[in-house]
Colleague: 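Supplied in structure tokens, the structure appears directly below.
All chains are named by letter (A, B, ...) in the order of the sequence lines, taking the proteins before the strands, and each is independently numbered beginning at 1. Quick caveat, the model's predicted, so the values are computed rather than measured.
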Amino acid sequence: MAKIAPLSGFPEFLPGQRIVEQQILDTVREIFELHGFASLETRSVEPLEQLLRKGEIDKEVYVLRRLHASDADQPSQADQLGLHFDLTVPLARYVLQNAGHLDFPFRRYQIQKVWRGERPQEGRYREFTQADIDIIGRDTLAFHHEVEIALVMAEVFAALPIPPAIIKVNNRKLVEGFFRGVGAADHEAGLRALDKLDKVGSDRVRTLLIDEAGVDSDRADVCLQMAQISGSDGSVADRLRGLGVQHPLLDQGLDELMAVVTAAEARRPGAVAADLKIARGLDYYTGTVFETELAGFESLGSICSGGRYDSLATDGRATFPGIGISLGVSRLVVPLLAAGHLQASRTVPSCVLVAVGDESERAASDAVADQLRSRGISTEVAPQAAKFGKQIRHADRRGIPFVWFASADGHSVKDIRSGDQVDADPTTWNPPASDLRPTVTMDSGQATDPRDPQQEEFTS
RNA sequence: GUGGGUGUAGCUCAGCUGGUAGAGCGCCGCGUUGUGGUCGCGGAUGUCGCGGGUUCGAGUCCCGUCACUCACCCCA
């Protein structure tokens, strides 16, 4: 029999892994809604023209084509449909389209698949799930939302059974002002160079700054010093000012950066830190930018990124500035599962397996199952009236904690982990609350409830 | 798109200079004739990625191809 190979970059889960992902998605959704973000789903496709605004053809967009389309009705680029590669561009289109029906500032979350036609690697996929929150204003958007957005994500990280995640913040105005202040010819090239600091080291970045960004060789070191500044208190501003670079944009960016960092530090210490080397590739960001580093998984890159965009959407009369951040659910979950750090307590939702003594007694077992289900206990009935040993094994393989035995003498339920078996009444029996649903465990033996912010510390 | 690595049982892998394919784990059965897990004994499983070539003979050598994977680029 021919083996079906997996399709690279299109991750799929086994049932137990899917349970982990679903619980994480449930937690994300719950916290987003706790903060009043409304759910939105946009279509999977946008006109190619919309996706490629500013003529960037380097974006790896998957296009959609009818199998039976003839060469004659080859659509123009304007009509061609592409799968969206993020959730921000569709949001911009949606806001313009529905501006008359929306109330501003408009707060929405969106958890959907996106597609990018890139070469896959660990943590980067061709089809993956993003969880976005954005706040969109009409003409203006108050600055405090930038703090709010970061703190909502920080709350998500605190609630998830994952290693510590730190949101790194920088500001485009600050960096641009800095590069103007040191007389760089191309501040965008400078940005890209600094972004590589962790990867290629300061010597190579110095070369890039000089060759690509046009920084004078004697000022390249000042840029490197700037890039090495990070922290979550006022010393960040002091160290930056100590470098002596002057530019109005730099001052404005620094004020904004410090406002985000100090406000976040006051409300959730340790969750957010300034880091002046982070750049963010996407070109529509105009101020605050976010990246998130997952402890022990730094090589994945950012698991959650976003920022402020002043002019992503405009209809000529009004502009719609926004602030948003996007959690790469797949980038977070797939590597943690692959490394074996996350485990579900079982591979099925079932809390109870009702044994079947003989096929002639199946109806009685079904009745027990229905009684348990009516009280919210996920229950399945044994597929065969096999030996009880096999039925217990059926439950054991799947991690189902309880097996129910019904006989003419009465009912009993066995906790197959302890082996304890007790008489029970299907109309009143309840499992311990912790067994009602599958639980997600981080590493070995540490049960964590994704909804419980008091989760265990990650140990690697 | 560019460059490197790897394809052998369900999984992880061994298989030397060519000589008819192996281990561990898992799976199935029995011991234990209707209460699993431990233990013991027994058993099943392969187009050796695919196509071609060299050879008496190819998992092994050569060519091609596909897939997976890592790095660059870029990003969640």
Colleague: Could you list, one pair per line, each protein nitrogen or oxygen that sits under 3.5 Å from a nitrogen or oxygen of nucleotides 31-36 of chain B, together with the distance?
Modeller:
| residue | atom | partner | partner atom | Å |
| --- | --- | --- | --- | --- |
| B:G34 | O6 | A:G357 | O | 2.7 |
| B:G34 | N1 | A:G357 | O | 2.2 |
| B:G34 | N2 | A:G357 | O | 3.4 |
| B:U35 | O2 | A:K414 | NZ | 3.1 |
| B:U35 | N3 | A:Q421 | OE1 | 3.1 |
| B:U35 | O4 | A:Q421 | NE2 | 3.1 |
| B:G36 | O4' | A:G389 | O | 3.2 |
| B:G36 | O6 | A:I416 | O | 3.2 |
| B:G36 | N1 | A:I416 | O | 2.5 |
| B:G36 | N2 | A:D396 | OD1 | 3.0 |
| B:G36 | N2 | A:D396 | OD2 | 3.3 |
| B:G36 | N2 | A:I416 | O | 3.4 |

Colleague: Using the C1' atom in both, what is the distance from B:G64 to B:C28, to the nearest Å?
Modeller: 42 Å

Colleague: Tell me: CD of A:Q121 to P of B:A67, nearest whole Å?
Modeller: 17 Å

Colleague: Spell out, as yes or no, whether a donor-acceptor pair under 3.5 Å connects the side chain of A:T129 to the backbone of A:S330.
Modeller: no

Colleague: Would you list the protein and nucleotides 2-6 of chain B atom pairs, both N or O, that sit under 3.5 Å from each other?
Modeller:
| residue | atom | partner | partner atom | Å |
| --- | --- | --- | --- | --- |
| B:U2 | O4 | A:R119 | NH2 | 3.3 |

Colleague: Whole-Å distance between B:U69 P and A:F10 CZ?
Modeller: 12 Å

Colleague: Can you list every pair that meets salt bridge (Lys or Arg N to Asp or Glu O under 4.0 Å) and has a residue in residues 154-170 of chain A, with sequence neighbours left out?
Modeller: A:K168-A:D275, A:K168-A:E293

Colleague: With sequence neighbours excluded, give me every salt bridge (Lys or Arg N to Asp or Glu O under 4.0 Å) pair touching residues 416-434 of chain A.
Modeller: A:D415-A:R417, A:R417-A:D435

Colleague: Once side-chain contact (heavy atoms from CB on, under 4.5 Å) is applied, do any residues pair with A:E176, and if so which ones, sequence neighbours excluded?
Modeller: A:R180, A:H187, A:L249

Colleague: Under the rule for side-chain contact (heavy atoms from CB on, under 4.5 Å), what residues qualify as partners of A:R267, not counting sequence neighbours?
Modeller: A:L151

Colleague: Taking CG from A:L194 and P from B:C74, how many angstroms apart are they, rounded to a whole number?
Modeller: 14 Å

Colleague: Please identify each residue that fulfils side-chain contact (heavy atoms from CB on, under 4.5 Å) with A:L64, with sequence neighbours left out.
Modeller: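 Partners of A:L64 by the side-chain contact (heavy atoms from CB on, under 4.5 Å) criterion, ordered by chain and then number, come out as A:V45, A:L81.
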
Colleague: Give me the distance, rounded to whole Å, that separates B:G29 from B:C62 when you measure between the C1' atoms they each carry.
Modeller: 47 Å

Colleague: Between B:A23 and B:U38, how many Å separate the two C1' atoms, rounded to a whole number?
Modeller: 23 Å

Colleague: Give me the atom names and distance for the closest heavy-atom approach of A:I278 to A:V289.
Modeller: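 Shortest heavy-atom contact: CD1-O, 3.9 Å.
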
Colleague: What is the distance, to the nearest angstrom, from the CD atom on A:Q384 to the P atom on B:C28?
Modeller: 12 Å

Colleague: Calculate the interatomic distance between A:E118 atom CD and B:C72 atom P; express it in whole Å.
Modeller: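 Distance check: A:E118 CD to B:C72 P gives 13 Å.
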
Colleague: Please enumerate all residues that pass side-chain contact (heavy atoms from CB on, under 4.5 Å) together with A:E265, with sequence neighbours excluded.
Modeller: A:S232, A:P269

Colleague: Say you pick atom P in B:U8 and the same atom in B:C13; how far apart are they, in whole Å?
Modeller: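 After rounding to an integer number of Å, I get 9 Å for this pair.
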
Colleague: Could you check whether A:T42 and A:Q110, counting side-chain N and O atoms only, form a donor-acceptor pair closer than 3.5 Å?
Modeller: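 Yes, A:T42 and A:Q110 have a side-chain donor paired with an acceptor closer than 3.5 Å.
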
Colleague: Pick the P atom in B:G49 and in B:C16, then give their distance to the nearest Å.
Modeller: 14 Å

Colleague: Could you provide the dot-bracket string of RNA chain B, using ( ) for intrastrand pairs, [ ] for crossing pairs and | for bases paired to another strand, with Watson-Crick or G-U pairs below 3.5 Å?
Modeller: (((((((..((((.....[..)))).(((((.......))))).....(((((..]....))))))))))))....

Colleague: I'd like the C1' distance from B:G10 over to B:U55, given in whole Å.
Modeller: 35 Å

Colleague: With a 4.0 Å limit, can you tell me whether A:S8 has a side-chain N or O closer than that to the phosphate oxygens OP1/OP2 of B:U69?
Modeller: yes

Colleague: Just to verify, what does A:Q121 make a side-chain hydrogen bond (donor to acceptor under 3.5 Å, both in side chains) with, not counting sequence neighbours?
Modeller: none

Colleague: Whole angstrom is fine here: how far is it from CZ in A:R126 over to C1' in B:U69?
Modeller: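 These atoms are roughly 13 Å apart.
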
Colleague: Please check if the distance between the ring centroids of A:F405 and A:F388 is under 6.0 Å.
Modeller: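 Yes, the ring of A:F405 comes within the 6.0 Å limit of the ring of A:F388, centre to centre.
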
Colleague: Expressed as a whole number of Å, how far does the C1' atom of B:C74 sit from that of B:A67?
Modeller: 24 Å

Colleague: Let me know, please, whether A:E122 or A:R397 comes out on the 5' side of the other along RNA chain B by nearest nucleotide.
Modeller: A:R397

Colleague: Keeping to residues at least two apart or across chains, list the salt bridge (Lys or Arg N to Asp or Glu O under 4.0 Å) pairs with something in residues 383-402 of chain A.
Modeller: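 Sorted pair list comes back empty.
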
Colleague: Identify, between A:G9 and A:S302, the residue whose nearest nucleotide on RNA chain B lies closer to the 5' end.
Modeller: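 Going by which nucleotide is closer to the 5' end, it is A:G9.
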
Colleague: With heavy atoms under 4.0 Å as the rule, sort A:L327 into base, sugar-phosphate or nothing.
Modeller: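 A:L327: no heavy atom of the nucleic acid under 4.0 Å.
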
Colleague: What interatomic distance, in whole Å, is found between P of B:G5 and the corresponding atom of B:G22?
Modeller: 30 Å

Colleague: Looking across every strand, which nucleic acid part, if any, lies under 4.0 Å from A:K196 by heavy atom: base, sugar-phosphate, or nothing?
Modeller: sugar-phosphate

Colleague: Which salt bridge (Lys or Arg N to Asp or Glu O under 4.0 Å) pairs, counting each pair once, include a residue from residues 11-24 of chain A, with sequence neighbours left out?
Modeller: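 Listed by first then second residue: A:R18-A:E21.
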
